[in-house]
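So the structure is just underneath, and the comments pick up after that.
Letters A, B, ... mirror the listed sequences (proteins, then strands); counts begin at 1.
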Number of protein chains: 2
Amino acid sequence: MLGKNIRHERLRQGFSQDDLAEKAGLHRTYIGMVERGERNITLLNYAKIVDALNLAMHDLMKESVYPLPQSKHPKRIGL
Amino acid sequence: MLGKNIRHERLRQGFSQDDLAEKAGLHRTYIGMVERGERNITLLNYAKIVDALNLAMHDLMKESVYPLPQSKHPKRIGL
DNA sequence: CTGTGACTTTTAGTCCGTG
DNA sequence: TCACGGACTAAAAGTCACA
């Protein structure tokens, strides 16, 4: 799962969601939503986050199976 | 560039944009826009396209530098 | 420090065409 | 077969107050 990977990396580097948000130029609550897998993020924002973590775009995707959402209004979208 | 990579792979496999669109469950005009780098695709649709091309998500990202857009209303967004 | 619901603005994505 | 456009709808971006 992508969000989990992001959170894992963020914590590993000792950042808060606030920290990462500022580094990536995004909003604090948005980072939270992405980490919880509630947002179907675009590649542009994905790039910003990955960049803020000093990673390459494919780094967080290796274990990211990426199942598609089942329900019409999923709480988690399964990243 | 992501769009170029997609196009390259699509042509290598002998598909039209229409073919790929149908395989991926997306619209034909949309595939064109993505290949031309005019749309900031979501990860979900990126996954669909990659899947339709029988690739893994990180495959098309290796050479994808991904510069962020300069202007407010860019024609190309630089994927 | 983080989760969440509600919300507005912006853009992703579709569908109809044309040359 | 594809690029491109206009008009449209669905969904993402982005922000906030509060728990």
OP1, OP2 of [N] versus side-chain N and O of [X]: anything below 4.0 Å?
X       : N      : answer
A:Asn40 : D:dA12 : yes
A:Tyr30 : D:dG14 : no
B:Arg36 : D:dG5  : no

Could you report the tightest heavy-atom contact between [X] and [Y], atom names first, then the distance?
X       : Y       : answer
A:Phe15 : A:Leu53 : CD1-CD2, 4.4 Å
B:Leu60 : B:Tyr46 : CB-OH, 3.5 Å
B:Met57 : B:Leu43 : CE-O, 4.1 Å
B:Asp19 : B:Gly14 : OD2-O, 4.5 Å
B:Thr29 : B:Arg36 : O-NH2, 4.4 Å
A:Ala52 : A:Leu20 : CB-CD1, 3.6 Å

To the nearest Å, how far apart are [X] [atom1] and [N] [atom2]?
X       : N      : atom1 : atom2 : result
A:Ile31 : D:dG14 : CD1   : P     : 11 Å
B:Leu26 : C:dT11 : CG    : C1'   : 16 Å
B:Arg39 : D:dA10 : CZ    : C1'   : 12 Å
B:Tyr46 : C:dA12 : OH    : P     : 17 Å
A:Asn45 : D:dA11 : CG    : P     : 18 Å
B:Phe15 : D:dC2  : CZ    : P     : 12 Å
A:Leu11 : C:dC1  : CG    : C1'   : 11 Å
B:Gln17 : D:dA3  : CD    : C1'   : 8 Å

Handout entry: Distance (rounded to the nearest 0.5 Å) between A:Lys48 NZ and A:Thr42 OG1
Key = 7.5 Å
Problem - Nearest listed nucleotide, side chain of B:Thr42, among D:dT1, C:dA12, D:dA13 - result: C:dA12
Completion exercise
Of the listed D:dG14, C:dG3, C:dT4, the closest approach to the A:Glu38 side chain comes from C:dT4
Practice task
Without swapping roles, check the side chain of A:Asn40 against the backbone of B:Leu44 for a donor-acceptor pair under 3.5 Å.
Solution key: yes
Exercise for the section: Using a strict cut-off of less than 4.0 Å between a Lys/Arg side-chain nitrogen and an Asp/Glu carboxylate oxygen, indicate whether B:Arg10 and B:Glu35 qualify as a salt bridge. Expected result: yes
Handout entry: For DNA chain D, stems built from three or more consecutive Watson-Crick or G-U wobble pairs below 3.5 Å
Key = C:2-19 with D:2-19
Kindly give the atom pairs (protein nitrogen or oxygen, nucleotide nitrogen or oxygen) under 3.5 Å for nucleotides 15-19 of chain C.
unit_1: C:dC16; atom_1: N4; unit_2: B:Arg28; atom_2: NH2; d: 3.4
unit_1: C:dG17; atom_1: O6; unit_2: B:Arg28; atom_2: NH2; d: 3.3

